[in-house]
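This report refers to the structure that appears directly beneath it.
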Amino acid sequence: MDLRRRFGFAFLLIATSLIFVSSNIDDNEYTPGPVTYNAKSVIVGGNPILIFSGSIHYPRSTPEMWPEIIRMAKEGGLNTIATYVFWNVHEPLQGQFNFTGNYDLVKFIKLIAANKMYVVLRLGPFIQAEWNLGGLPFWLREIPNIAFRTYNEPYMRHMKRYIEFMVNKMKAEKLFANQGGPIIMAQVENEYNHVQESYKEKGTQYVKWAADTSTAIYPDVPWIMCKQKDAPPNVISTCNGRHCADTFGGPNGPDKPSLWTENWIAQYRVFGDPPSQRAAEDIAFSVARFFMNNGSMTNYYMYHGGTNFGRFSSSFATTRYYDEAPLDEFGLIREPKWSHLRDLHKALRMTKKAFLLGTRKVQDINEYVQIITYEKPESKLCAAFLSNRHKKVHKTVNFRGKQYFLSRRSVSILPDCKNIVFNTELITSQHNSRNFIPSKIANGLKWESYRESIPTVNNLPVQSKTPLELTGMTKDTTDYMWYGTSLNLDKDDLPMRPDIMPVIRIQSLGDALLTFVNGQYIGFGHGSFIEKSFTFSKPVSLKVGVNQISILAMTVGLPNNGAYMEKRFSGIRAVMLQGMNSGTLDITLNQWGHKVGVEGESLRLFTEEGSKKVKWSPTSGPGTPITWYKTRFQAPEGNNPVAIKMERMGKGIIWVNGYSVGRYWENYRSPLGAPSQTEYHIPRSYLKPKNNLLVVYEESSGSIGGVMINTVNRDIICSLMLEDYPPNLDSWKLENDVLKPVVEKPKPGAQLVCDPHKFIKEIQFVSFGNPWGSCGTYMQGTCQSPNAKKVVEKACLGKNRCRVPLDRTVLGDPTGNGSCAQEKVKKLAIQVRCGKKNDI
């Protein structure tokens with residue numbers, strides 16, 4: 001940015017700051033126009049805003065899914081969508097660009113704008129994102145003398161060209177806020193502090209260059225750098241993490257707002273992982289604490305994780321991505337996370353004017369308990385946050401002459417400094433559980449199979465003295481490469497005792513491999529996300545004469561983080577035969593043949609045309625390795641999302657009508673003894689009404705008979721509340737900056753809402769007393785009200801939504817054994833099933 005632009009931008013910031021503190025704040029959050037900021041917030045079109053953002057990545061869902069996902073994000077209280085921009089999907093080959101289908105970034109952004117929401121465009125170009133090479137295209141790796149993400153002329157030249165191209169594309173479509181579009185901020189680089197020390201002085205130079213280059217290319221919106229402690233002054237440093245109120249040291253300047261660019265809603269999963277979870281209560285607690293400590297933006301990473309279609313997922317990452325998000329992989333609402341955060345956003349909006357215009361005051365009650373107020377004394381604006389950070393102990397505090405109970409590890413929000421409208425720990429919204437239902441019309445699959453031939457060294461076209469590195473050969477066009485060698489043995493080479501067999505020992509740089517000796521399958525070995533290198537050792541049967549050793553090595557995604565990514569390697573490093581009569585025989589220098597890819601890929605057996613190029617046989621008996629399976633199926637009934645269950649399979653890839661659904665890996669078990677993922681998303685837009693082609697490439701030796709087509713729903717909905725919970729948030733409204741109750745005496749109540757066009761078909765569980773368990777697994781306690789179920793049936797059956805007051809005069813007094821009287825505060829648990837009118 002030149003000096004004139006620097007001073008002009010600074011003057012606009014000062015002028016806007018002076019105006020906004022004395023002006024009315026527009027309740028309309030979508031006001032595209034010039035974007036500035038001050039220490040409180042980002043300011044768009046002269047209107048200071050609190051940013052409630054969620055990450056949604058366009059390549060991880062389909063254009064047909066985007067409208068509903070964006071709509072549900074807005075209904076969940078978001079006003080902004082953040083997305084990375086994925087260089088390697090847009091420029092897979094140098095100079096050849098793709099913005100079609102799932103990669104239509106402009107269409108995605110325009111849909112967001114149509115919903116009157118803003119966009120944070122995270123250009124990178126390194127994005128990490130559990131995506132191959134962190135979004136960098138593979139061809140970049142092959143540029144002479146390149147070093148990624150450092151002060152390196154070839155890398156910086158291509159990075160600048162890419163940013164200019166993307167910015168110009170956005171400008172041409174008038175998508176920046178100052179043009180009337182939705183893009184209010186852009187991001188350059190991503191969590192660079194993690195690797196900066198590896199590059200020493202060149203790392204520091206690169207950070208400054210990246211900031212100067214991006215802001216010069218487009219100076220009309222703020223640029224951000226996340227997790228960058230030494231961010232230059234022309235960008236805003238932001239926080240990533242789970243608890244930024246406690247871990248973020250603040251932005252890189254007193255004139256900059258505190259922004260949280262990644263609030264991790266759980267942890268992404270890799271194959272071999274157990275489930276990852278993060279409670280809605282913990283997320284709400286961390287957000288409320290961030291805002292009460294002068295934060296003005298949170299971005300949930302992810303709000304909808306989606307699916308890693310094709311081969312884009314990074315090393316060992318599962319095909320399902322951040323399924324624990326408020327909108328799950330299938331785009332279905334995950335409760336209570338979605339509703340609890342929606343209510344949090346509404347409560348924080350009630351504090352907006354006090355937050356932006358008031359004076360902040362902090363009162364520390366003790367080490368854990370804190371009261372923070374934002375108040376403008378000459379007006380009626382006052383908002384309070386009562387925070388208890390203790391993980392186990394509840395606390396009662398006196399605030400302005402009134403006693404307030406604070407649950408452990410919670411924040412209570414009082415938009416008028418009097419009434420609690422929301423507590424982060426106490427969930428008054430509904431819960432739900434996800435169900436996979438076998439399709440009535442899509443199953444009964446009749447499978448055919450085609451097993452690939454096992455090549456010998458003479459069939460492998462690329463010859464070398466030693467095994468070649470895999471990634472440099474495949475160039476991210478396939479996961480697979482064949483290695484082959486042969487050795488001529490005489491009787492004296494082989495073990496003399498029949499009970500002793502030679503052992504083949506293969507040292508691999510990653511990620512996995514299958515071994516065949518003389519056409520016989522020996523076994524499958526693999527590394528892990530933590531340690532990709534591994535050693536494969538298995539006994540083998542060798543013969544006098546020529547022995548053929550064939551190895552199918554593979555990657556499971558490419559790396560996506562760390563320094564020197566351009567120098568990561570995979571494939572076979574050394575091969576030895578142990579237990580030979582003459583000792584260990586090193587065959588690494590034995591002359592090797594190589595072939596990139598497998599036969600079925602080159603023939604495109606997963607397409608209609610390609611599937612006709614080989615002779616398929618009816619499937620029978622146990623599964624075999626390197627086998628292609630094919631079948632046809634009808635689109636499942638209804639319009640619920642579709643998933644294929646890969647139970648009893650091994651490892652491989654799935655295609656439907658030529659679309660790659662992604663990698664599956666069933667025989668890599670987590671420490672809990674189960675696969676990390678069993679169901680795989682098939683978007684409805686991939687399907688035809690009938691005659692859908694389903695092709696599976698099984699690498700190891702799974703049993704295809706266990707594969708099943710399911711529909712997915714969240715029709716089981718629940719409520720679990722205690723009598724001492726605060727009234728539901730919708731019991732309150734803000735009129736002319738005054739908080740008012742909607743009814744005379746607000747009380748808590750169970751609220752249940754089915755999806756549109758569905759109704760409560762069945763009351764599955766009701767207990768008012770001391771029930772226990774969670775949605776889908778509730779159990780009766782030792783006491784309950786005999787009238788509660790009748791009350792719920794009358795209020796809810798046949799309705800799309802209902803409310804059941806948490807009131808003993810309505811539900812009746814619980815009765816039971818002695819413990820019932822001891823538990824003064826009773827609990828109401830309800831579980832119902834939603835469905836369409838004609839459902840059973």
Side-chain angles (χ1 to χ4, degrees), residues 128 130-134 136 138 141 147-148 194-195 198 268-274 311 313-318 464-476 478-485 503-517 521-540 549-578 584-590 592 594 596 598 625 650-652 663 665 667-671 675-676 699-700:
Q128 190 165 332
E130 293 65 62
W131 198 261
N132 276 350
L133 288 182
L136 302 178
F138 191 88
R141 187 178 185 263
F148 291 173
H194 288 325
V195 299
S198 300
Y268 75 90
R269 297 176 69 185
V270 297
F271 288 114
D273 270 355
R311 301 176 41 263
S313 57
S314 64
S315 296
F316 288 83
T318 57
S464 173
K465 184 70 174 175
T466 60
L468 297 174
E469 194 273 324
L470 189 152
T471 307
M473 290 288 290
T474 60
K475 303 185 189 305
D476 197 24
T478 175
D479 286 358
Y480 309 107
M481 186 166 77
W482 280 104
Y483 293 80
T485 191
V503 171
I504 189 168
R505 182 179 175 87
I506 305 170
Q507 294 178 2
S508 172
L509 297 172
D511 295 336
L513 59 79
L514 296 95
T515 303
F516 302 83
V517 175
Y521 177 53
I522 303 302
F524 172 65
H526 61 85
S528 69
F529 173 70
I530 300 298
E531 182 52 69
K532 296 168 183 62
S533 299
F534 65 98
T535 299
F536 174 89
S537 293
K538 290 280 186 179
V540 296
I549 296 176
S550 305
I551 303 167
L552 181 61
M554 64 196 75
T555 53
V556 187
L558 300 181
N560 75 315
N561 59 20
Y564 305 107
M565 280 199 310
E566 71 280 1
K567 296 180 180 178
R568 308 289 181 82
F569 305 112
S570 57
I572 294 172
R573 188 169 69 86
V575 184
M576 290 167 281
L577 288 170
Q578 298 175 311
T584 297
L585 180 61
D586 189 341
I587 59 173
T588 308
L589 305 177
N590 197 55
W592 289 80
H594 309 77
V596 172
V598 294
K651 178 182 179 297
R663 300 183 184 98
W665 199 347
N667 58 13
Y668 188 0
R669 301 298 172 114
S670 79
S676 298
E699 298 161 8
S700 51

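Count residues from 1 along the sequence.
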Heavy-atom pair with the smallest gap, counting every atom of [X] and [Y]:
| X | Y | answer |
| --- | --- | --- |
| K465 | W592 | O-CD1, 3.6 Å |
| D273 | S670 | O-CB, 3.4 Å |
| F529 | S315 | CD1-O, 3.4 Å |
| F524 | A512 | CE1-CB, 3.9 Å |
| L136 | M565 | CD1-CE, 4.1 Å |
| Y564 | S198 | OH-O, 3.1 Å |

Side chains of [X] and [Y], heavy atoms from C-beta outward: is any pair under 4.5 Å?
| X | Y | answer |
| --- | --- | --- |
| R663 | D479 | yes |
| R568 | L509 | no |
| P625 | E699 | no |
| K651 | F271 | no |
| I504 | F536 | yes |
| L513 | Y483 | no |
| I587 | I549 | yes |

Distance-only, no hydrogens or angles: does the [X] side chain make a donor-acceptor pair with backbone N or O of [Y] under 3.5 Å?
| X | Y | result |
| --- | --- | --- |
| N561 | Q128 | no |
| S570 | L470 | no |
| N132 | R311 | yes |
| S676 | G272 | yes |
| T588 | V575 | yes |

Spacing of [X] atom [atom1] and [Y] atom [atom2] [to the nearest 0.5 Å]:
| X | Y | atom1 | atom2 | result |
| --- | --- | --- | --- | --- |
| L558 | N560 | CG | CG | 9.5 Å |
| R505 | L577 | CZ | CG | 12.0 Å |
| E130 | Y268 | CD | OH | 4.5 Å |
| I522 | S550 | CD1 | OG | 10.5 Å |

**Request:** Check side-chain hydrogen bond (donor to acceptor under 3.5 Å, both in side chains) between T485 and all other residues, then give those that pass, not counting sequence neighbours.
**Result:**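 If we apply the side-chain hydrogen bond (donor to acceptor under 3.5 Å, both in side chains) test to T485, skipping adjacent residues, the hits are N590.
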**Prompt:** Should D476 and R141 be marked as a salt bridge (Lys or Arg N to Asp or Glu O under 4.0 Å) after you check the CA-CA gap, both sets of side-chain angles, and the distance that decides it?
**Reply:** CA-CA 11 Å; D476 197 24; R141 187 178 185 263; over 6 Å; no
**Message:** Run V598 and W482 through side chain to side chain contact (heavy atoms under 4.5 Å, CB included) and show every step you take.
**Reply:** CA-CA 8 Å; V598 294; W482 280 104; 4.0 Å; yes
**Residues I551, I572; criterion side chain to side chain contact (heavy atoms under 4.5 Å, CB included); working and verdict** = CA-CA 9 Å; I551 303 167; I572 294 172; 3.6 Å; yes
**Asked** side-chain hydrogen bond (donor to acceptor under 3.5 Å, both in side chains): which pairs involve residues 526-536, sequence neighbours left out?
**Response**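 Listed once each, the pairs would be none.
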**Request:** For R573, check salt bridge (charged side-chain N to carboxylate O under 4.0 Å, His left out) against everything at least two apart and list the hits.
**Result:**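 Counting only residues at least two positions away or on another chain, R573 forms no salt bridge (charged side-chain N to carboxylate O under 4.0 Å, His left out).
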**Message:** Could you go through M481 and T555, starting from their C-alpha distance and side-chain angles, then the distance that decides it, and tell me whether this counts as side chain to side chain contact (heavy atoms under 4.5 Å, CB included)?
**Reply:** CA-CA 9 Å; M481 186 166 77; T555 53; over 6 Å; no
